[in-house]
Amino acid sequence: MPVAFVRKKGSSMEYIFIIFLFFCTVWDIRTQKIPAVLLYTALLLMSIYAGVGVFGKQREVVDIAAAAIPGGIIFILAKKSHQIGLGDALLILLLGIGFSLETEMKILMISFFMAAIASVVLLIFECDLKNRRIPFVPYLFIASGIVLFG
């Protein structure tokens, strides 16, 4: 019984995920929305990928469920508060399904840290951030690159 899902750095799924995040980053910056069809298709494909990992004895269902919990919580918060975009929440859920909880937490910590720094810089140079939305996907993209390939 495997304890953790071990993957070589630079696996094909990581490259595909980074490319996907790049396109999501462009959409998020330009329109502040990510097409739902794209997100749900990615969610389906990542679920299939995770299922193959389970059937191939590389991952445990409990491992996937535990890693999906942070994304699920953020998704519920996004639905209730409207302070977090649903696209951001679904991407975080994708992280949990596709990668280990440890990898997901590293990516989230780095991306939240970078977003916090950017927010402080914007607060210093601009007074009105209440009506401004900061795209979060670019931080997920950069953090994913750091964690997956760094």
Side-chain angles (χ1 to χ4, degrees), residues 5 7-54 59 61-150:
F5 186 46
R7 180 186 296 116
K8 296 184 304 185
K9 288 208 183 273
S11 73
S12 58
M13 178 48 78
E14 291 173 350
Y15 286 115
I16 292 168
F17 188 73
I18 286 292
I19 292 168
F20 171 73
L21 270 181
F22 172 76
F23 286 113
C24 289
T25 296
V26 171
W27 264 305
D28 198 26
I29 290 171
R30 286 187 177 177
T31 65
Q32 292 189 344
K33 291 183 181 182
I34 302 166
V37 171
L38 183 67
L39 288 170
Y40 289 122
T41 302
L43 190 59
L44 175 68
L45 293 174
M46 194 65 91
S47 298
I48 291 169
Y49 173 73
V52 168
V54 168
R59 270 188 103 175
V61 174
V62 174
D63 206 24
I64 296 169
I69 289 172
I73 291 170
I74 291 173
F75 185 78
I76 291 168
L77 290 173
K79 288 288 262 185
K80 293 202 179 272
S81 72
H82 302 290
Q83 297 297 316
I84 304 167
L86 288 176
D88 300 330
L90 283 173
L91 283 173
I92 294 167
L93 186 60
L94 277 171
L95 280 172
I97 292 171
F99 303 106
S100 68
L101 180 61
E102 179 184 354
T103 301
E104 179 187 21
M105 289 288 103
K106 286 178 184 176
I107 291 170
L108 287 177
M109 295 292 281
I110 293 170
S111 55
F112 285 140
F113 182 71
M114 287 188 301
I117 290 173
S119 297
V120 168
V121 169
L122 286 173
L123 279 172
I124 291 170
F125 292 107
E126 288 184 23
C127 295
D128 185 29
L129 279 181
K130 290 180 182 177
N131 298 323
R132 183 179 183 156
R133 297 190 65 103
I134 300 171
F136 186 66
V137 180
Y139 303 110
L140 279 176
F141 172 67
I142 294 167
S144 295
I146 291 168
V147 171
L148 297 175
F149 301 106

So which heavy atom on [X] is nearest to which on [Y], and how close?
| X | Y | value |
| --- | --- | --- |
| Ala50 | Ile97 | CB-O, 3.6 Å |
| Ile34 | Cys24 | CG2-SG, 3.9 Å |
| Ala143 | Ile110 | CB-CG2, 3.6 Å |
| Ile18 | Gly145 | CD1-N, 3.6 Å |

Quick one: side chain to side chain contact (heavy atoms under 4.5 Å, CB included) partners of [X], sequence neighbours excluded?
| X | answer |
| --- | --- |
| Val61 | Val54 |
| Ser81 | Gln83 |
| Phe113 | Ile117 |

Worksheet item: Which pairs with one or both residues in residues 99-113 pass salt bridge (Lys or Arg N to Asp or Glu O under 4.0 Å), sequence neighbours excluded?
Response: Glu102-Lys106
Worksheet item: Which salt bridge (Lys or Arg N to Asp or Glu O under 4.0 Å) pairs, counting each pair once, include a residue from residues 140-150, with sequence neighbours left out?
Response: none
Considering only heavy atoms from C-beta outward, does the side chain of [X] approach that of [Y] to under 4.5 Å?
| X | Y | value |
| --- | --- | --- |
| Leu95 | Ser144 | yes |
| Ile64 | Ser47 | no |
| Leu90 | Leu94 | no |
| Val147 | Phe99 | no |
| Asp28 | Asp88 | yes |

Reported [atom1]-to-[atom2] distance for the pair [X] and [Y], which is rounded to 0.5 angstrom:
| X | Y | atom1 | atom2 | result |
| --- | --- | --- | --- | --- |
| Met46 | Leu39 | CE | CG | 11.5 Å |
| Phe17 | Phe22 | CZ | CZ | 15.0 Å |
| Thr25 | Tyr139 | OG1 | OH | 11.0 Å |
| Phe112 | Met105 | CZ | CE | 8.0 Å |
| Ile19 | Glu14 | CD1 | CD | 12.0 Å |
| Ile84 | Ile92 | CD1 | CD1 | 7.0 Å |

Item to complete: Give me the one residue out of Phe20, Phe141, Phe136 that meets side chain to side chain contact (heavy atoms under 4.5 Å, CB included) with Leu91.
Response: Phe20
Cut-off 3.5 Å, no hydrogens considered: what does the side-chain donor-acceptor table look like for residues 72-80, sequence neighbours left out?
none

